[in-house]
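Everything below concerns the one structure shown next.
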Amino acid sequence: MQEPALPSTHSAITAGILQRPYLWVTIGACALVFLAAFESLAVTTIMPVVSRELDGASLYALAFAGPLATGVIGMVAAGNWSDRRGPTVPLYASVALFVLGLIIAGTAVSMPLLVAGRLVQGLGGGALTVALYVVVARVYPAVLHPGIFAAFSAAWVIPSLVGPFAAGIVAEVLSWHWVFLGVVGLVVPAVVMIVPVLRGIDRPSEQATVPPWALGRLAWAALAALAVLGLNLSAGVAIAGVPAAPALLAAAAVVIALVAVRPLVPRGTLLARRGLPSVILTRGLASAAFFGAEVYLPYLLIEEYQFPPTFAGLALTGGALSWAAAAAIQGRLGTRLQHRVAVRIGSALVLGAILVTLATSALHWPAAVAIAGWLFAGGGMGLLYPRLSVMTLALSTKENEGFNSSAMSISDSLGGALALAATGIVFAAFTTTAESFAGVFALTAVVAVAAVAVAPRVSR
């Protein structure tokens, strides 16, 4: 089968991501993103059932923290591999690991075996994200990058609307095993759609030098993964005679994570150096602020406003819809909306929404205020997330696309993990739930302020 010819940039503007020759690769790539997102969200719904059936309460947290930790290793490995040999083989390998993890978890008869499957699944899922980003860089012209990343955002957001509900139905009607195994049969067709366009994209240019295997970066990734894992578990650690043990362990884990992440991101990232370093840092700060606050919004509505869980979840649904809508709008605007402007507006919207939520919890405003405010948080993420992805590729060369793509994914993962662990410690530090919620939203507001401050530095 002859590989499809890719059009010139001029004709690509007219073609769009859903027309030939990009149609099938767009559908296949978005399907892989969708399935990875669905699995991540669906597990949240079924894990209480799994834990009860497999008597695995002691490993409950590890089932969530494990994939996040191993995903960091997968990101670095796929990035280095893609820079050396192109994204094709890393993409196939990541899909194979993802499927293997699903099979292990779906056939598990004990909680340790299920956690093992989740670890393998996280390794493949982290690598898959990076490999897909490099495929985008090699296949699509730059003018179409806002559109394809908007599609990725929508493919990630849509499962938040249907994933938990669908997983609950499958677990109730069939078995929780099929929440894992059912996805396996959908991954293969998605990969088949991408295969034709992968032929030939790994050919190196005559002047290109092949980067060496970055074994040192892989070691740092493993250390960062352990720090992330320790940070997620530190809140549950108690040491006799040391009441501050969780906070001390969390602080140590944060320090280790920051030290380990330095070789995994562009130089100057932690110092907010202008250009690509600030792009990567803004991504991590935005993730930390948004996801650190989002997980507590339904909790606030249930505890303080007596919402039933179903209606409390609608607040997140509204944010997901506004995220998808904003991502679609920025994709249509393309270069008419400057990247740095989109990032600045998006980060400001996230900050504003968190401040509204903080005021709602502290001043006992009506719940509708926080719910409406979260629409702006989702809209802000929909604006800035795709543009930060576009800028990462625009500021990369063919030799470091994999490294930079993995750095962006690592910033996402570590930012969210650090924020979730820190907010958990803050929430447990206060004596009343009202104070705990205010403390959580105040902390995430500080992180959002940092994102707003760094956002203007994304352009040189």
Side-chain angles (χ1 to χ4, degrees), residues 32-78 93-131 156 159-160 163-164 166-168 170-171 174-187 221-236 253 291 295 409-410 412-414 416-418 420-421 424:
L32 288 174
V33 174
F34 176 91
L35 292 172
F38 173 84
E39 194 61 32
S40 175
L41 294 162
V43 169
T44 305
T45 301
I46 66 167
M47 193 55 68
V49 177
V50 175
S51 178
R52 183 170 60 251
E53 182 176 323
L54 300 181
D55 191 22
S58 61
L59 296 177
Y60 188 90
L62 188 59
F64 291 100
L68 183 64
T70 56
V72 174
I73 302 173
M75 294 168 192
V76 175
S94 63
V95 170
L97 285 171
F98 184 70
V99 169
L100 178 61
L102 290 173
I103 294 173
I104 295 173
T107 57
V109 295
S110 67
M111 196 66 173
L113 189 58
L114 183 134
V115 170
R118 294 281 288 156
L119 294 176
V120 176
Q121 182 186 339
L123 184 65
L128 175 62
T129 300
V130 173
W156 182 264
S160 67
V170 171
L174 299 174
S175 166
W176 62 263
H177 296 274
W178 287 103
V179 175
F180 295 100
L181 298 177
V183 174
V184 174
L186 300 176
V187 171
L223 181 60
L226 291 174
V228 169
L229 186 58
L231 187 58
N232 278 269
L233 298 176
S234 62
F291 294 111
V295 297
S409 299
I410 290 169
D412 267 345
S413 180
L414 288 180
L418 291 171
L420 289 171

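Small disclaimer: the values here were computed from a predicted structure and weren't measured. Position 1 is the first residue of the sequence; numbering continues from there.
For Ser94 against Ala127, the heavy-atom pair with the smallest separation is CB-CB, 3.6 Å. Of all non-hydrogen atoms in Val76 and Ala221, the two that sit nearest each other are CG2-CB, 3.6 Å. The two residues Pro67 and Arg118 come nearest to each other via the heavy atoms CG-O, 3.5 Å. In this structure, Ser409 and Val130 approach most closely via the heavy-atom pair OG-CG2, 3.9 Å.
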Self-check item: side chain to side chain contact (heavy atoms under 4.5 Å, CB included) evaluation trace for Trp176 with Leu54
Solution: CA-CA 11 Å; Trp176 62 263; Leu54 300 181; 4.0 Å; yes
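With a 4.5 Å cut-off on side-chain heavy atoms, Leu114 and Phe180 count as touching.
Applying the side chain to side chain contact (heavy atoms under 4.5 Å, CB included) test to Leu226 and every residue at least two apart in sequence or in another chain returns nothing. The side chain to side chain contact (heavy atoms under 4.5 Å, CB included) search around Leu223 returns Trp220, Ile256, Ala260, not counting sequence neighbours. Residues satisfying the side chain to side chain contact (heavy atoms under 4.5 Å, CB included) test with Ala93, not counting sequence neighbours, are Trp81.
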Please tabulate, for side-chain N and O atoms in residues 97-105, each donor-acceptor pair with protein atoms closer than 3.5 Å (sequence neighbours left out).
none

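Atom CE in Met75 sits 8.0 Å away from atom CG in Leu414 (nearest 0.5 Å).
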